Amino acid sequence: MSLASGRTYLAIPGPSVMPDAVLRAMHSAAPNIYEGELPRMVAEMMPDLKRVAQTDAFATIYIANGHGAWEAALSNIAAEGEKVLVCATGRFGHGWADMAEGLGLEVEVLDFGLNATIDPARLAEVLTADTAHRIKAVMFSHVDTATSIRNDPRALRRALDEAGHPALLMADCIASLGVDRFEMDAWGVDVMVAGSQKGLMVPPGLSFVFFNARAAEVRARMKRVSRYWDWVPRAEPEWFYQFFGGTAPTHHLLGLRAALDLIHDEGLEAVWHRHAVLARAIWAACEAWGQGGPLRLNVADAQLRSHAVTALGLGGRNGEALRRWTAETAGVTLGLGLGMAARDDPAGEGYFRIGHMGHVNAHMVLGVMGVIESGMRALEIPFGSGALAAAAEVVASNEPLAPAATLTAEEATARATMAPAAR
Ligand SMILES: *Cc1c(COP(=O)(O)O)cnc(C)c1O
């Protein structure tokens with residue numbers, strides 16, 4: 001018999017759990033889209049949206065999922081036949097590359113595999129060799145949701161600068177925005193795309209493209225950009241806050257307003273801290289389980305792991321079996337392995353993922369850990385002891401993983417002297 005009756009938990013890496021405040025905000029009659037409350041609310045909301053991305057650059061909203069934002073960003077900076085470079089660390093990097101190919105762009109992919117971050121030295125090499133500066137943009141996932149690798153945008157910025165290459169640096173923060181620390185302006189990211197249904201806790205359907213003045217210049221030199229994806233009118237408040245290229249996505253906007261209130265009431269630093277501590281609690285449990293059984297964190301180096309999602313291998317078809325058990329018996333839906341196929345596991349059924357982005361707190365994470373241990377016991381998958389105690393200890397300490405000393409002296413100084421408003 002099942003033990004799943006009660007509030008279920010969708011612990012997949014998006015869509016994420018929707019807060020009651022977001023659901024309440026969306027449970028309302030249709031507003032007037034032309035004047036009054038809604039356009040005013042959107043105008044007032046944009047600075048709060050930019051603050052989550054730590055940017056004073058331009059921000060636009062599209063009525064689309066993340067794939068739409070991928071296409072929107074590319075459509076504004078490169079035309080058919082022009083070249084872009086994709087640094088892939090999992091399925092989502094390849095997905096953005098595929099979108100570029102669909103637009104007729106020439107795409108070069110640097111594939112860093114499924115367990116490692118982007119190597120800035122290799123990127124610098126490719127950029128240095130491009131003496132004609134044909135590469136218009138370097139695209140990457142801040143967090144690749146398939147592998148749970150987290151890349152460091154600062155290292156990529158340095159690679160571009162050291163190569164003296166003018167390409168735009170374009171980040172996919174669909175999984176990481178509002179979860180992992182990200183500072184668009186301070187880190188020198190030119191274009192950033194995000195979606196509503198992950199760290200931002202709103203249903204899928206809105207996506208965002210942020211772009212700076214350098215990217216705006218590239219757009220200005222484009223011969224033609226498709227009307228719907230063109231970011232120029234979308235960044236014009238007078239036009240855009242009433243007219244979203246059509247009818248405004250009324251209820252998603254109401255939900256987003258409520259979500260941004262939650263984020264800024266908690267404080268962005270506190271939001272990042274909460275995700276960092278909870279992720280560390282999950283890893284502590286996983287490492288203990290792995291001591292006495294097949295469970296493995298996909299990313300060995302904790303410094304390179306995302307705080308939004310954790311990809312795990314269990315071998316055989318155990319990932320799939322565990323997911324079925326936790327959903328049917330315990331009311332927890334875990335994420336499936338994505339893009340992790342291997343020769344002995346063509347469907348990637350040995351893998352699963354835990355989503356821990358957005359509206360997630362300590363009791364939810366500790367609950368998921370208890371359920372996973374129950375599932376492994378029920379399925380007779382061996383595991384090491386002490387995992388739940390290890391997770392509880394991290395929660396009790398309330399300490400994130402200590403950062404590696406990878407900041408250069410310059411960066412550390414810049415960060416220390418940054419005005420509080422810019423952080
Ligand atoms: C979810 C996700 C996407 C795709 O977003 P959709 O809304 O599903 O189109 C792209 N990139 C990353 C990093 C993601 O996590």
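This chain uses plain numbering: 1 for the first residue, then up along the sequence. Keep in mind the model is a prediction, meaning the values are calculated, not measured. Atoms within each ligand, like the ligands themselves, are counted from 1 in listed order.
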Among E71, M357, M99, K198, which one has a heavy atom closest to atom 2 (C) of ligand 1?
K198

Please walk me through it: do H165 and D130 pass side chain to side chain donor-acceptor pair (under 3.5 Å)?
CA-CA 8 Å; H165 200 291; D130 180 36; 2.7 Å; yes

For Q197, which part has a heavy atom under 4.0 Å from ligand 1: side chain, backbone, both, or neither?
side chain

What protein heavy atom is closest to atom 15 (O) of ligand 1, reported as residue, atom name and distance in Å?
T145 OG1, 2.3 Å

N65: numbered ligand 1 atoms lying under 4.0 Å from its heavy atoms
6 (P), 7 (O), 9 (O)

Among protein heavy atoms, which lies nearest atom 9 (O) of ligand 1, and at what distance?
H67 ND1, 2.5 Å

One thing to verify: whether E183 and R154 come together as a salt bridge, which I'm taking to mean a side-chain N less than 4.0 angstrom from a carboxylate O.
no

Which of the ligand 1 atoms, numbered from 1, are nearer than 4.0 Å to a heavy atom of W70
10 (C), 11 (N)

Give me the nearest non-hydrogen protein atom to atom 5 (O) of ligand 1 as residue plus atom name, then the distance to 0.1 Å.
G66 CA, 3.5 Å

Would N151 and T117 count as having a side-chain donor-acceptor pair, cut-off 3.5 Å?
no

When you measure from the side chain of T333 to the backbone of L10, do you find a donor-acceptor pair of N or O atoms at a distance under 3.5 Å?
no

Under a heavy-atom criterion of less than 4.0 Å, does V143 contact ligand 1?
yes

Under 4.0 angstrom from ligand 1, any heavy atom of W96?
no

Electrostatic pair R51-D48, nearest N-O below 4.0 angstrom:
yes

Need the ligand 1 atom indices (1-based, order shown) with element for anything under 4.0 Å from a heavy-atom of A175.
15 (O)

Quick one: do R257 and D261 make a salt bridge, cutoff under 4.0 Å?
yes

Is the closest basic N to carboxylate O distance between E399 and R280 below 4.0 Å?
no

With heavy atoms only and a cut-off of under 4.0 Å, state how D172 meets ligand 1: side chain, backbone, both or neither.
side chain

If the threshold is 4.0 Å, N to carboxylate O, is there a salt bridge linking E125 and R122?
no

